[in-house]
Amino acid sequence: MQQAFSAACLDGAMGPLKSSADCSVAVVIEKPKSAEHGDFACGMALKLAAPVKTSPLRIAETLAQYIGKNEACAAYLEKVEVAAPGFINFTLGTAWLTETISAVHNLGSDYGRAPDRDKKVLVEYVSANPTGELHIGHGRNAVFGSCLANLMKFGGYSVDQEFYINDYGEQILQLGRCAWALYQRLLGQAVDYPTEGYPEEFLRDFVQSAVDTVGDQYLTVGDEEGCSIVGDLVKDLIIENQRTLLKSLGIEFDVWYSERSLHSGGNVVDVLKEFDKHGFTYEKDGAYWLKAQELGDERDRVLRKSTGATTYLANDAAYHLTKYGRNYDLMINIWGADHHGQVPGLKGAVRALGQDPSKLEVILTQMVNLSRDGQIVKMSKRAGTVIMLSEVIDEVGADATRYYLAESSPQNTINFDLDLAKKTGRENPAFYIQYAHARCCAILRKALEPSTNSESGETEQPPISAHQWQEFLQEYKGDKQGKVFTALFDSDAVIAGHQKALIARLETFPSEVEEAVQARNPGRIARFAYDLANDLQKFYEVSRVITDDLSVSKARLGLIFATKQVLANALGIIGVSAPERM
RNA sequence: GCGUCCGUAGCUCAGCGGAUAGAGCUCCCGCCUUCUAAGCGGGAGGUCGUUGGUUCGAAUCCAACCGGGCGUACCA
């Protein structure tokens, strides 16, 4: 397309434009929504209407002629049509399609993977306080972060995943007081539970297992020491609980970064000096302030309180300075939307420290509402009716939990329908995609494994022998033009149409990955998988794979094998398993 | 008040500058002698929150307004 455009410009066919660089109209090839408009379409003639000063239709016709002159293109294209108001529609010849299947066979689990970009990315997510179990909101953050990390890896980045442990400050002292009180009570002491503390029922199990481990050996220490020791014991148990739960969702972090280590390592003290050095601080009312307003925030922010303690912002700035020190090209933070007000403060702090704020992206995830029997399940932290992530996983399973938390874009509120997530049918996309994968496996089993005749009870040989299948696999791979697959187009128009649609979908996977990476939106991959599953079902419905004609069976089995592979690749990014049978 | 996210079919959501706005659920009507019917096809269902603006062209971009969520600390 680009070549045709350039050639047309050189020949003076584009009016005032003498070169493709003379205007800013980009060559964009898109996939039309309607199949009537061919396999691909280009709308650039519409955009060229103004600079070329000619009607879009005439420009499109001119460009189409130049495409016809290009022999390399003509080999792949079956048809080039111009349609009102000025689209150029391409219908692909079969060569392009068969090469796609062959490419899937050759690349396998790497089909769709982008080449190495030589860029280091840090994705920091969950980072929940170690003061209780993870709830469904953390679950969303966790799943989104994990999917994004998978996606970025698949998109050619080198990715580290990090969990920031907020094991310092007021909330951890609070935890200590609560844990200490519960510890004493569980061991028969009559002490009061802190009135402003965390709900007892959230902590009781953790304190109980601390008691089980260490017994009453700390009962005699003073209150201060008790809060500190028992608090830390419970804190570690909570972190371990979070780690185990996340692992059950397939999430594992490369680094668990301790906030406490920033204080003991002097990073926080240093960062205050660093702010000072760049001239962004002042003292007022006994506190130490950051000139955040100059840096884009709505007001100035306190770095060190009049009590002498540093604020969360100061600690977070110190933390982020270590990220910059670790030489990442891109740092992505996944935060709950309730923290959106902190974004300008952190970005401002980063700028004040002389770092490049554009390397730091904050993605905010909106809330999750759970519904059951068509009713939203009311959640309240104070009333203790928060739904825990573990409850959801227990109820609907890890795969469905991941799918529903991965599918939506982060800025949309999720309505998680617990009843739907448990259904085994078309209406549940998580199931439907897995079912499509299992169906591909079933067909391959049917073709390759011996079966038992239900009437005679005798074992029957499979239609395709193991030896033949090995030959087929070699042929799929060795034949880069995919000539084996031309048999797919010999059948009747309906079947060929469905096969073509299926292959065309496989072909778009790499560009879907690229778009999802650019948009930081792994949910696109979830939807792609759903569309692919649908294309497979439609093909399956109209045509058998295993037929009497060996060349047709061979071609179709190759297509099924490729579809299974791409489904697995897509499911891999969103972290949902690809079952062999259901 | 200010900031931010969201308003698309009865419901849950895609689409985010282009061709007749798409799926699934729900409601009707069809399709199993053959690889998983846990499936497929057809029908019904819309002033894309409202009003202006930019554009050859707006659900999509801009502005104002109307609804709803979240936030607005010397808490973390």
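Note that the structure is a prediction, hence the values are computed from the model and not measured. Values reported hereafter were calculated over all heavy atoms of this structure, with side chains retained and with hydrogens, waters and symmetry mates removed.
If you take atom P in B/C56 and the same atom in B/C65, they sit 28 Å apart, rounded to whole Å. Taking the C1' atoms as reference points, B/G42 lies 39 Å from B/C5, given to the whole Å. Between B/G24 and B/C40, the distance separating the two P atoms is 8 Å to the nearest Å. Remark: the separation of the P atoms in B/G39 and B/G71 is 40 Å, to the nearest Å. Using atom C1' as the reference point in both B/U26 and B/A44, the two lie 11 Å apart (nearest Å). For B/G10 and B/C48, the P atoms lie 12 Å apart once the distance is rounded to whole Å. One P atom belongs to B/U55, the other to B/C66, and the distance between them is 28 Å to the nearest Å. B/C62 and B/G7: their P atoms are spaced 14 Å apart (whole Å).
Residue A/T311 places its side chain closer to B/A76 than to any other of B/G24, B/A76, B/A14. Closest approach to the A/Q411 side chain among B/C6, B/U36, B/G3 is made by B/C6 (side chain taken as heavy atoms from C-beta onward). Relative to the side chain of A/R544, the nucleotides B/G71, B/U34, B/C74 differ in distance, and B/U34 lies closest. When distances run from any side-chain atom of A/M367 to the nucleotides B/C35, B/A76, B/G69, the shortest one goes to B/G69. Side-chain proximity of A/E259 to the nucleotides B/A76, B/G69, B/C35 is greatest for B/A76.
For A/R260, the salt bridge (charged side-chain N to carboxylate O under 4.0 Å, His left out) partners two or more places apart in sequence, or in a different chain, are A/D232. Residues satisfying the side-chain contact (heavy atoms from CB on, under 4.5 Å) test with A/A318, not counting sequence neighbours, are A/N267, A/V268, A/V271.
When rounded to the nearest whole Å, the span between CZ of A/R524 and C1' of B/G22 equals 14 Å. Atom NE2 in A/H340 sits about 11 Å away from atom C1' in B/G69, given to the nearest Å. One atom, OH of A/Y403, and another, P of B/A14, lie 11 Å apart when rounded to the nearest Å. For the pair A/W335 CH2 and B/C5 P, the computed distance is 15 Å after rounding to whole Å. We find that CG of A/L559 is positioned 19 Å from P of B/C35, with the value rounded to whole Å. Atom-to-atom, CD of A/E283 to P of B/C74 comes out at 16 Å; the value is rounded to the nearest Å. Computed from coordinates, the A/F416 CZ to B/C13 C1' distance equals 15 Å when rounded to whole Å. Here B/U36 presents its C1' atom at 15 Å from CZ of A/F539, a figure rounded to the nearest Å.
The aromatic rings of A/W335 and A/H339 sit perpendicular to each other, their planes meeting at more than 60°, with 30° as the lower class boundary. Relative orientation of the A/Y432 and A/Y530 rings is tilted, given thresholds of 30° and 60° on the angle between their planes.
Counting any heavy atom pair closer than 4.0 Å across all strands shown, A/S543 reaches a base atom. As judged by a 4.0 angstrom heavy-atom cut-off over every strand, A/R304 is placed among residues making no nucleic acid contact. Among the atoms of the strands shown, base atoms are found under 4.0 Å from some heavy atom of A/Q366. Within 4.0 Å (heavy atoms only), A/A309 reaches no atom of the nucleic acid at all.
No donor-acceptor distance shorter than 3.5 angstrom exists from the side chain of A/E460 to the backbone of A/P450, with no hydrogens or angles considered. Although no hydrogens or angles enter the test, the distance criterion places a donor-acceptor pair under 3.5 Å between the side chain of A/Q499 and the main chain of A/L488. Although no hydrogens or angles enter the test, the distance criterion places a donor-acceptor pair under 3.5 Å between the side chain of A/N141 and the main chain of A/V126. Formation of a donor-acceptor pair under 3.5 Å by the A/H437 side chain with backbone atoms of A/P579 is found in this model. A/E298 places no side-chain N or O within 3.5 Å of a backbone atom of A/G341 that could act as its donor or acceptor partner.
Side-chain contact annotation: A/Y404 with A/D417, donor-acceptor N/O pair under 3.5 Å absent.
Using a 4.5 Å heavy-atom cutoff, the side chains of A/K554 and A/F485 are not in contact. Looking at A/L418 and A/E395, their side chains come closer than 4.5 Å, going by heavy atoms from C-beta outward. Using a 4.5 Å cut-off on side-chain heavy atoms (C-beta onward), A/Y125 and A/N333 make no contact.
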Might you list the N or O atoms of the protein lying below 3.5 Å from N or O atoms in nucleotides 8-12 of chain B, with each pair's distance?
{"residue": "B/U12", "atom": "O3'", "partner": "A/N415", "partner atom": "ND2", "Å": "3.4"}

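Checked by distance alone, A/H339 brings no side-chain donor or acceptor within 3.5 Å of a matching partner on the base of B/G71. In the interface, the side chain of A/Q342 is paired with the base of B/A76 through a donor and an acceptor atom under 3.5 Å apart. For a distance-only test at 3.5 Å, the side chain of A/S306 qualifies as a donor-acceptor partner of the base of B/C74.
Base orientation of B/C32: syn, since the glycosidic angle falls within 90° of 0.
Under the salt bridge (charged side-chain N to carboxylate O under 4.0 Å, His left out) rule, A/R524 has a single partner from A/E407, A/E515, A/E514, which is A/E515.
The pair A/D535-A/R505 meets the salt-bridge criterion, since a charged nitrogen lies less than 4.0 angstrom from a carboxylate oxygen.
Two residues, A/L313 and A/A442, neighbour RNA chain B, and the one matched to the more 5' nucleotide by heavy-atom proximity is A/A442. In terms of position on RNA chain B, the residue among A/V545 and A/A287 whose nearest nucleotide sits closer to the 5' end is A/V545.
Near RNA chain B, meaning a heavy atom under 4.0 Å from it, residues 290-300 of chain A has A/E298, A/R299 in order of number.
Aromatic ring centres of A/F163 and A/Y257 lie farther apart than the 6.0 Å criterion allows.
For RNA chain B, runs of at least 3 consecutive pairs of the Watson-Crick or G-U wobble type, with both hydrogen-bonding distances under 3.5 angstrom, map to B:1-7 with B:66-72, B:10-13 with B:22-25, B:27-31 with B:39-43, B:49-53 with B:61-65.
Taking each heavy atom of A/N521 and A/S409 in turn, the nearest pair found is ND2-OG, 3.2 Å.
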Report task. Encode nucleotides 38-43 of chain B as B, S and - characters from 5' to 3', where the letter depends on protein heavy atoms closer than 4.0 Å: B to the base, S only to sugar-phosphate, - to neither. Result -> BBSS--
